[in-house]
Amino acid sequence: MTGFGTDHLPYGVFSVDGGPRRVGVRLDDGVLDLAALTDRPELAAPSLNPLMALGPQVWRETREHVAYLVDAGSPTVPVADVVLHLPFEVADYVDFYASEHHATNVGRIMRPDGEALTPNWKHLPIGYHGRAGTVVASGTPVVRPTGQRHADDVGPSRRLDLEAELGFVVGTPSPLGSPVPVSDLADHVFGVVGLNDWSARDLQAWEYVPLGPFLAKSFATTISHWVTPLAALDAAWCDLPAQDPRPADYLGPDVARGLDVDVEVELAGEVVARPPYSSHYWGPAQMLAHLTVNGASLRTGDLFASGTISGPGAHQRGSLLELSWGGREPFVVAGRERTFLEDGDEVVLRYSAPSTSGGRLTLGEVRGTIHPAR
Ligand code: MN
C-alpha cells in the first residue's frame, strides 16, 4: 500500500537525466510518462498549467485515459530515477486563516487580554495575498530569513516556524467582474497540494500592524510535487463543524463542506502533531467564493491555501507557535527541549485521506530543511 494506487493518480512534472520537463502521473513507486504515452501537447508541457487551463471536462477525460493506460500495463519510470519539479506556474497566491482552533490559539497567545477571535472572524474567511514567485517545490532548502525583529533590531529570525496547510490549485479561469459561487468549486479547482507556509514570528509580530503578513511569510512557501485531482478526493468530503452565526448568503449557508484529510507534522525525525483538516471552520468552496465575491478574476495557476490546520487537541496544532505556546512552553523532540526551528531542522508534512476504493490516499509530502541565514 503506497497510497498512490489506481484510486489516486496525482499529477506532477518530472525530468530524467537532465531531459525536458514533462507531465507525469504517480502510480505506486513509478511515474507514468504521459508525454511519451500520448500525443497530447499539453502533457509534454513543462508545467501543469496547459492541462489545468482546459477545464473539468478535459480533466475527467484525461483521468479516464490515464486509468486506461494503467489497465493496459503501460511502463512506468521508477520514481527514484526522476527529478521532480514545481508542478505548476503559480499565478496568484492567497493564504486564508480558516481554522477556528488555530485562530483562537494565536489570539490567546498574541492578545492574552483581548478576545481570541476578532469580530469579523466568523463572518468571513480572513486571508492575505502572498508572494507567488517564492512558492517552491518540496525539498527546496529554506534559508532563514533576515529582517526587522523590532525597532533598531535587524537580524536573522529567532522565531522561525512552520504552518501545516492544504493548498487548492485553480485550473479554469474566471472573468473579471464575475464572482464564483460556492457551487462551482469543482469547475475551477483542479486539485490539492500539501503546503508549508513558513513564517518568521518575530518579523511578523513587528510588521503586521495594520496591513497583515508581509516579509514574515514571503521568503518561501513549500508545496508538494504531486497535485491530487479533486476527483480522487470524492470520498473525503465531510460536514464541517456547525457555523454560528449563519454566514452571508454568498458563503452558502448549510453547505459548509470540507475534506477529511489527516495531517502529520514531523520535526527532526519525530511526529510532533497530527492536525485534522476536518475540524476547519471555513471550507474550500467558501474560501473560493469569498476570494471572488468582489469580482476578482481567477487565473490558471492560482493557489489558495487553508491557513494553518489545527484541531482542538494539544497534539493537533499545526504550528510551533501553538505547540510551544508562543515559545513559553518548550516541548521535547528527540530528547531535547524545542520551541522554534533551528538551522539544520528538517520538517516533513504528510497527508492522507479516505479514497473511493475504501483505502487511503497518501497526498504528496512537503519537505524542507532550514539553512543558516546569509
Ligand atoms: Mn498560513
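All values below were derived from every heavy atom in this structure, side-chain atoms included, with hydrogens, water molecules and symmetry-related copies excluded. In listed order, ligands and their atoms are each counted from 1.
In this structure, K122 and Y281 have side chains that are in contact, with non-hydrogen atoms separated by less than 4.5 Å. In this structure, the side chains of F214 and L203 stay at 4.5 Å or more apart for every pair of heavy atoms.
The name of the N, O or S atom in D95 nearest to the Mn ion (ligand 1) is OD2. Nearest N, O or S atom of E165 to the Mn ion (ligand 1): atom OE2.
Vertex the Mn ion (ligand 1); arms to E163 atom OE1 and D197 atom OD2; angle 80° (nearest 10°).
Below 30°, between 30° and 60°, or above 60°: for W121 and Y97 the angle between ring planes is above 60°, a perpendicular geometry.
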Tell me, with the steps shown, if Y11 and F190 meet ring pair (Phe, Tyr, Trp, His ring centres under 6.0 Å). CA-CA 10 Å; Y11 293 95; F190 174 78; 5.5 Å; yes
